[in-house]
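Atoms within each ligand, like the ligands themselves, are counted from 1 in listed order. Computed from heavy atoms alone, side chains included, the values below leave out hydrogens, waters and symmetry copies.
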Amino acid sequence: HSKEIKKAFEDELTLLGIKSEVGLVLTGCFGLCEKGPVLVVYPDETFYSHVTVGDVRTICEEHLLKGRPVQRLMVNDPIAKTKIKQMSQLKFYSKQKRIALRNCGQINPLDINEYIAKDGYMALGKILSEMSPEAVIDEVIKSGLKGRGGGGFPTGMKWQFARSSQSKVKYVICNADEGDPGAFMDRAILEGDPHSVLEAMAICGYAIGSNQGYIYVRAEYPVAVERLYHAIGQAREYGLLGKNIFGTDFEFDIDLRLGAGAFVCGEETALIRSIEGYRGMPTSKPPFPAVKGLWGQPTNVNNVETFANVPVIFLRGADYFRSIGTAKSPGTKVFALGGKINNTGLVEVPMGTTLREVVFDIGGGIPQKRKFKAIQTGGPSGGCITEKDLDTPIDFDNLTALGSMMGSGGMIIMDEDNCMVDVARFYLDFTVDESCGKCTPCREGTKQMLDILNKICDGEGTLEDIDELERLGEMIKKTSLCGLGQTAPNPVLSTIKHFREEYIAHVTDKT
Ligand code: SF4
């Protein structure tokens with residue numbers, strides 16, 4: 001709808017003769033999907049939700065011409081029983097801390113000047129004029145930034161490994177193959193702030209000694225692809241990609257490679273094979289990509305959100321970054337909230353925020369006052385977390401200790417009406433479809449687990465089947481080649497652990 005609304009504004013502003021006085025910008029995602037389409041009027045920052053083409057005339061005549069904000073389109077505060085005027089007053093935003101999403105919804109992603117006006121490319125300029133590659137890596141290590149794609153590996157160490165591999169040719173890859181059901185964090189960054197990723201990749205290129213980067217992005221994200229091509233073109237025009245960046249002898253360029261929709265291509269070795277033109281299948285590690293990656297050369301792979309954090313570390317310092325979040329997991333994490341929650345959307349919170357705060361304070365709780373049942377974090381690789389653990393501060397270690405994982409940031413909320421056996425079956429069905437078939441435990445084992453789950457859901461299962469699911473799940477985790485197989489049983493194992501009674505009810509209640 002946003003494009004239609006923008007067109008209606010253009011027509012109305014022309015009609016009123018004020019088009020040249022009002023800047024109209026189509027931005028990226030604001031995060032609050034539930035209230036979209038959203039419009040913010042500056043300088044007073046009035047936040048309008050659920051805007052339609054039919055509202056355009058009123059906004060122009062009342063707000064823009066007469067200075068009277070339209071109450072009807074403001075968000076309701078059910079507690080204070082008043083209308084909320086500005087974004088910052090919404091609880092949804094006030095508990096968030098935006099680093100990776102800092103420019104999303106704030107700038108026009110198609111205009112490099114707007115990124116530059118927000119200190120864009122300043123970190124790259126500072127690094128090239130003042131810092132050695134080693135100092136850059138030290139700063140990233142000092143910041144404590146960990147990979148946001150799911151693994152949580154320290155980013156600075158990864159860069160150091162790639163730097164210490166001796167080769168004239170090295171590569172930087174941005175993994176934008178976001179494939180978890182319900183996850184759209186990377187998409188929002190690429191659509192809303194593509195230059196932050198380009199700048200970070202150039203910084204990484206300088207640090208590890210690479211002149212070429214690739215963004216491996218899902219072809220199912222056409223807007224992100226279009227905006228990335230546009231941003232790369234603008235950065236080249238401004239001399240921020242290509243030869244002699246900032247007048248130095250540093251050269252770095254970026255190209256796109258489109259993924260064809262295989263979930264397993266989010267695994268870095270499969271992704272590399274796919275860029276090389278082969279079928280996207282993981283290979284065993286070692287050798288790690290930092291030693292032998294794309295076309296056999298040292299390669300550093302980070303995901304979109306990880307890169308989006310990097311310029312801030314250099315603009316505000318590693319100490320600033322470390323001051324946010326927890327000692328072991330500094331910084332923030334972006335989550336996509338979906339399922340049975342009032343404020344579906346995209347949120348970014350400091351590590352250490354509790355799950356309860358995310359679900360109830362920011363997410364607005366469960367619709368129709370139903371009872372919360374569980375959250376699935378980490379998508380098909382993760383597990384479910386129940387009410388008793390809602391006060392756990394979010395970080396990599398804590399979620400793993402609960403038998404789930406951070407993953408890339410999908411959070412699906414379930415209420416009392418959700419059948420957890422069915423939830424487990426949904427995720428396993430997904431991984432069975434997405435298994436590349438290279439190794440037997442994952443290819444055959446997950447299929448066997450799915451057959452058993454189908455049997456249980458059809459009312460034909462037995463108590464022994466539940467034990468068999470656990471036995472198979474543990475075996476598949478231990479023996480699969482890559483992360484997909486090693487984590488595929490997690491949704492089943494964790495729902496059996498927390499909701500065994502639901503499995504038992506399926507196999508004992510045959511009525
Ligand atoms: Fe392929 Fe699954 Fe084996 Fe990974 S674990 S290599 S996805 S078959």
Side-chain angles (χ1 to χ4, degrees), residues 147 149-153 173 175-183 186 216-220 257-294 296 299 301-303 376-383 400 403-408 410 424-454 468-495:
F153 192 81
I173 294 178
N175 183 349
D177 191 52
E178 183 173 56
D180 287 16
D186 294 350
Y216 187 86
V217 56
R218 313 182 68 185
E220 296 97 323
R257 289 293 179 268
L258 303 196
F263 179 63
V264 73
C265 286
E267 197 280 340
E268 57 185 6
T269 60
L271 183 156
I272 286 169
R273 296 286 290 167
S274 176
I275 294 181
E276 289 172 342
Y278 297 104
R279 186 171 163 186
M281 277 181 159
T283 52
S284 33
K285 295 189 265 191
F288 288 92
V291 176
K292 197 167 176 232
L294 187 60
T299 302
V301 187
N302 288 125
N303 94 321
Q376 177 80 13
T377 65
S381 310
T400 307
S404 186
M405 65 189 298
M406 182 82 84
S408 58
R425 182 167 68 158
F426 167 80
Y427 283 112
L428 196 68
D429 191 39
F430 176 83
T431 38
V432 167
D433 260 3
E434 296 295 337
S435 166
C436 81
K438 183 170 181 172
C439 63
T440 314
C442 170
R443 185 187 64 237
E444 303 296 333
T446 54
K447 176 76 176 59
Q448 281 189 33
M449 286 182 76
L450 184 62
D451 288 345
I452 296 173
L453 271 179
N454 282 331
E468 182 62 4
L469 279 176
E470 288 184 303
R471 193 191 66 79
L472 273 171
E474 293 300 341
M475 184 274 293
I476 293 165
K477 275 167 72 96
K478 281 191 198 119
T479 53
S480 291
L481 175 63
C482 85
L484 190 150
Q486 286 159 10
T487 57
N490 285 353
V492 181
L493 295 177
S494 81
T495 47

**Asked** Pro282 and side chain to side chain contact (heavy atoms under 4.5 Å, CB included): which partner among Leu484, Val264, Ile272, Leu271?
**Response** Val264
**Prompt:** For residues 257-280, which residue pairs qualify under salt bridge (Lys or Arg N to Asp or Glu O under 4.0 Å), counting only residues two or more places apart or in two chains?
**Reply:**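 As it turns out, the salt bridge (Lys or Arg N to Asp or Glu O under 4.0 Å) pairs with a partner in residues 257-280, which skip direct neighbours, are Lys158-Glu268, Asp255-Arg257, Glu267-Lys285, Glu268-Lys285, Arg273-Glu276.
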**All pairs passing salt bridge (Lys or Arg N to Asp or Glu O under 4.0 Å) where residues 425-436 contributes a residue, at least two apart** = Asp422-Arg425
**Request:** Output the list of atoms in ligand 1 that are nearer than 4.0 Å to some heavy atom of Gly437, sorted by atom number.
**Result:**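 Counting atoms of ligand 1 from 1, those under 4.0 Å from Gly437 are 1 (Fe), 8 (S).
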**Asked** Are side-chain heavy atoms of Leu450 and Thr446 found at a separation under 4.5 Å?
**Response**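 No. Closest side-chain heavy atoms not under 4.5 Å.
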**Asked** Considering all heavy atoms of both residues, which atom of Thr495 and which atom of Ala424 are nearest to each other, and what is their separation?
**Response**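 Smallest interatomic distance, heavy atoms only, reads OG1-CB, 3.5 Å.
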**Message:** Applying side-chain hydrogen bond (donor to acceptor under 3.5 Å, both in side chains), can you list everything that pairs with Ser404, at least two apart in sequence or on another chain?
**Reply:** Thr377
**Message:** Suppose the cut-off is 2.8 Å; which protein N/O/S atoms would you list for atom 4 (Fe) of ligand 1?
**Reply:** Cys482 SG
